[in-house]
Amino acid sequence: PSVKIKGEARSTSPEEVDRQISHMKQCFVDACEKWGAGLEIDHKRHYGGYTIEDSHPVVQIAQTASRKMGFDPALRTTLGGSDANMFNVHGFPSIVIATGMDKIHTHEEEISIKDLVDTAQLTYEICLEAAKHRV
């Protein structure tokens, strides 16, 4: 007699995600009207998207630390949720740094010992670089 559906919408743009959520809600309303079904929508926003400019100090610090370790840092947009979403929402500019994980979000997710060590060293280098900037 009932169906429970969980959905999710992601975007770095609050306006874009709001449009998508409105569209999704309208699709449910339309389908329920067509089939004579009742509808309850319980919408919660768990975190907000963010955009950090390439020139921002947190990006520059991470890139400098990465290059010191011999890495060639590449910037890209992701639509995942992370602690950085919450930090940014509360005014603490943050980015996500890849750790070398493989098969992410599967039961076979893994990371090599070398990548774990490199991630720890990169964290240390970021701290040293940030201390220079008093960020």
Under-4.0 Å salt bridge between Lys34 and Asp30: no
CA sep, side-chain torsions, deciding dist, call: His133, Ile61, side chain to side chain contact (heavy atoms under 4.5 Å, CB included): CA-CA 8 Å; His133 297 271; Ile61 288 167; 3.7 Å; yes
Euclidean distance, Lys103 NZ relative to Glu110 CD, rounded to 0.5 Å: 4.5 Å
From CD (Glu33) to CG (Leu39), nearest 0.5 Å: 9.5 Å
Interatomic spacing from CD1 in Ile97 to CZ in Phe71 - rounded to 0.5 Å: 11.0 Å
Minimum-distance pair of heavy atoms, taken over all atoms of Ile126 and Ala62: CG1-CA, 4.2 Å
Atom of Ile5, atom of Phe28 and distance for their closest heavy-atom approach: CD1-CE2, 3.6 Å
Greater than 12 external heavy atoms within 6.0 Å of Ile113's CD1: no
Residue that, paired with Lys68, satisfies side-chain hydrogen bond (donor to acceptor under 3.5 Å, both in side chains) out of Gln121, Glu129, Glu125: Glu129
Other residues, nucleotides, ligands: >12 heavy atoms within 6.0 Å of Tyr124 OH: no
Any donor-acceptor N/O pair, Asp102 side chain to Ile111 backbone, under 3.5 Å: no
Euclidean distance, Leu122 CG relative to Cys127 SG, rounded to 0.5 Å: 9.5 Å
Inter-residue atom distance Ile21.CD1 - Ile41.CD1, 0.5 Å rounding: 11.0 Å
Asn85 side-chain N/O to Ser82 backbone N/O, donor-acceptor pair under 3.5 Å: yes
Neighbour count above 12 (heavy atom, 6.0 Å) for Glu40 CD: no
Exceeds 12 heavy-atom contacts within 6.0 angstrom, atom CZ of Phe92: no
Under-4.0 Å salt bridge between Lys4 and Asp42: no
Smallest separation among heavy atoms of Cys32 and Gly38, with atom names: SG-O, 3.7 Å
Gap separating the OG1 atom of Thr77 from the CD1 atom of Ile52, nearest 0.5 angstrom: 11.0 Å
Residue pair Gln20 / Glu16, side-chain donor-acceptor N/O under 3.5 Å: no
Backbone of His56 reached by a side-chain donor or acceptor of Gln60 within 3.5 Å: no
Where Tyr50 and Ser94 come nearest, the two heavy atoms and their spacing: CE1-O, 3.5 Å
Non-hydrogen atoms of Thr99 and Asp115 that approach each other most closely: O-CB, 3.5 Å
Neighbour count above 12 (heavy atom, 6.0 Å) for His105 NE2: no
Glu15 vs Ser13, side-chain hydrogen bond (donor to acceptor under 3.5 Å, both in side chains): CA-CA, chis, key distance, verdict: CA-CA 5 Å; Glu15 296 80 18; Ser13 162; 3.2 Å; yes
Criterion salt bridge (charged side-chain N to carboxylate O under 4.0 Å, His left out) on Lys6 and Glu8, from CA distance to verdict: CA-CA 7 Å; Lys6 287 187 176 187; Glu8 182 175 349; over 6 Å; no
